[in-house]
Amino acid sequence: MKKILAVFISLLSITLTDCGKQGESSSPLQSSQQDSISVFAMDTYMTVTVYDGDKTAALEAAQTEITALEKLISVTDENSDIYKLDHNGGKPFDVSYETSELLSFALDMNKKTDGALDITLYNVLREWGFTTGNYKVPSDETIEALLENTGCENIDIMENTVTLYNNVSVDLGSVGKGEAGDRVIKVLKENGVSSALLDLGGNIQTLGTKPDGTLWKIAIRDPSGGEGSIAKIEVADRAVITSGGYERYFTGDDGEVYWHILDPKTGRPARNGILSATVIGKSGRLCDALSTSLFVMGEQKAVDYWKNSADAFDMILVTSDGRVLVTKGIYNNFTLYDEYSSALRVEMIE
Ligand code: ADP
Ligand code: MG
C-alpha cells in the first residue's frame with residue numbers, strides 16, 4: 001500500500017493557521033503564531049509546523065524538498081531513480097548524486113548493523129503483500145527462493161553509477177522519512193526558522209525548542225496495539241523515530257500477526273522480543289535506519305549495539321515481556337504515564 005500510494009502525492013496546499021496578518025510587526029504574540037503544512041508523501045501524512053522565520057517561504061521550501069526526495073526514491077513512480085534502477089535488468093545505471101549518497105548510507109548501515117538493515121528485501125516484502133496491501137503468508141519454499149536474491153553485497157556503487165546484481169531490488173522505505181526530515185530541517189533553517197516540529201508519519205523531528213524556550217514533549221505510542229501512549233519524552237533539536245510491529249500488519253489465517261519489518265536472515269517479520277524501538281538523535285536518517293535495525297536485532301544485540309556504537313544516540317525499547325529499556329542520555333527526560341506503571345517496568349541502560 002505504502003509503495004502504491006506513494007505515487008499519489010496529494011499536496012494539501014499550505015494551511016496557514018496563522019491568520020493574524022496584523023501581528024506581523026513586532027507583536028509579542030508573533031513568536032507563538034504557527035504556520036503548518038500537510039503533505040501526503042511516502043504513503044503517509046507529513047506535517048511541518050514552523051513558529052518563526054519566514055514561515056511561508058520555509059513551508060514552501062519544505063514541501064518542495066519532500067516532493068523532490070519522493071521523486072528520487074519512490075518504488076512506484078516510474079520516473080524515480082529507484083524505480084528505474086530496480087527495472088534496469090542488472091545493467092549499470094546512473095542515478096542522481098543524492099540517490100547514490102543515500103544508497104551508500106544504507107549500505108554503510110547494513111555493515112554497521114551486521115545486516116539488520118537491508119534495503120534489498122523488496123521482493124520479499126512484495127510477496128508478503130506489504131507493498132500492495134494484498135497480504136498473505138508465503139510458503140517456506142517461496143521465502144527461501146526469494147531470499148536467494150537479496151543481500152547488500154549485490155549492490156555496487158561507483159560514484160553515481162549503481163549496479164544491482166543477482167536480481168535484487170532495492171527499497172529505501174526504512175530511511176526515506178528520516179532523510180526527508182533532515183532535508184526539511186535544513187531548508188527551514190535557511191529560511192530563518194529556529195523553532196519547528198515535524199511529524200512525518202509518526203517520525204518526529206524537532207528544530208530548536210518550543211517558541212517559549214521549553215522542551216518539546218513527544219509521546220511514545222503503546223506498541224501493544226492500542227492508540228494510547230505509554231510515556232512522554234522531552235527533547236530539543238532531536239529526531240525521535242520509532243519502528244514498531246503495530247504500524248503496518250495483518251493477521252494471518254493461522255491467527256498470527258505479521259508485520260512489515262522483516263528479519264533479513266529469515267525473510268519473515270522480525271520477532272525478537274521487541275515491540276517497538278525508538279531512537280533519539282540528531283540525524284533523522286540515522287535514527288530511522290537505527291530504529292528499524294534495533295527492532296530487528298532484538299534486546300541483547302540492540303543493547304550491545306548501543307553500547308559499542310560510535311554514533312551518539314539514545315533509545316527506548318519496549319519489550320514483549322513488559323519492560324521499557326531507556327538509555328541514560330534520555331532517562332531523566334523520560335516519564336512513564338501512571339496508567340502504565342503497573343503494566344510496564346522501566347530499566348535504565350548505561
Ligand atoms: P515505518 O516506515 O513504518 O515508519 P521503518 O522505518 O522501520 O518503519 O521502515 C519499515 C519499512 O522498511 C518497511 O515498510 C519495508 O519497506 C522496509 N523494511 C522492512 N524490513 C526491513 C529491514 N530489515 N531493513 C530495511 N528495510 C526494511
Ligand atoms: Mg526506519
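For reference, positions follow the sequence shown, starting with 1. Counting convention: from 1, in listed order, for ligands and their atoms alike. Keep in mind it's a predicted model, so treat the numbers as computed, not measured.
The closest heavy-atom contact to atom 4 (O) of ligand 1, among the options His260, Met42, Lys177, Arg126, comes from Lys177. For atom 27 (C) of ligand 1, the candidate residues are Gly173, Ser293, Ser243, Ser174; the nearest heavy-atom contact is made by Ser174.
Within the 4.5 Å cutoff, side-chain heavy atoms of Asp140 are placed close to those of Arg268. Side-chain contact check for Thr292 versus Ile261: some heavy-atom pair is nearer than 4.5 Å.
Shown in contact with Thr292 at under 4.0 Å from a heavy atom are these atoms of ligand 1, numbered in order with element: 5 (P), 6 (O), 7 (O), 9 (O). Taking every non-hydrogen atom of Asp171 and a distance limit under 4.0 Å, the qualifying atoms of ligand 1 come out as 15 (C), 16 (O), 17 (C). The distance from ligand 1 to the heavy atoms of Pro264 drops below 4.0 Å at these ligand atoms: 23 (N).
Inclusion of Leu262 in the set of residues having an N or O under 3.5 Å from an N or O of ligand 1 is warranted. Considering backbone and side-chain N/O atoms, Asn203 never comes within less than 3.5 Å of an N/O atom of ligand 1. In terms of N/O distances under 3.5 Å, ligand 1 is not approached by Thr242.
The proximity of Leu121 to ligand 1, defined as any non-hydrogen pair under 4.0 Å, is limited to the side chain. With a 4.0 Å cut-off on non-hydrogen atoms, Leu125 touches ligand 1 through its side chain and not its backbone.
A salt bridge is defined here as a Lys NZ or Arg NE, NH1 or NH2 lying under 4.0 Å from an Asp or Glu carboxylate O, and Asp108 with Lys112 meets this definition. With salt bridges taken as basic N to acidic carboxylate O contacts below 4.0 Å, one links Arg183 and Glu98.
When ring centroids are compared, Trp128 and Tyr122 stay outside the 6.0 Å threshold.
Remark: at the Mg ion (ligand 2), atom O from Asp288 and atom OG1 from Thr292 enclose 90°, rounded to the nearest 10 degrees.
Among the candidates Tyr258, Phe250, Trp259, the single residue satisfying the ring-ring contact (aromatic ring centres under 6.0 Å, His included) test with Phe130 is Phe250.
For the residue pair Ser96 / Asp81, a side-chain donor-acceptor distance below 3.5 Å is found, with atom types taken as modelled.
For residue Ser174, an N/O/S atom approaches the Mg ion (ligand 2) to within less than 2.8 Å.
Heavy atoms only, all atoms of each residue included: Gly281 and Cys287 are closest at N-SG, 3.2 Å.
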Note to self: Let's go through Ser291 and Ser243 carefully: what are the C-alpha distance in whole Å and the side-chain angles of both, what is the deciding distance for side chain to side chain donor-acceptor pair (under 3.5 Å) to 0.1 Å, and is it a yes or a no?
What the structure shows: CA-CA 5 Å; Ser291 68; Ser243 288; 2.8 Å; yes
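Using a 4.0 angstrom heavy-atom cutoff, Ala116 counts as in contact with ligand 1.
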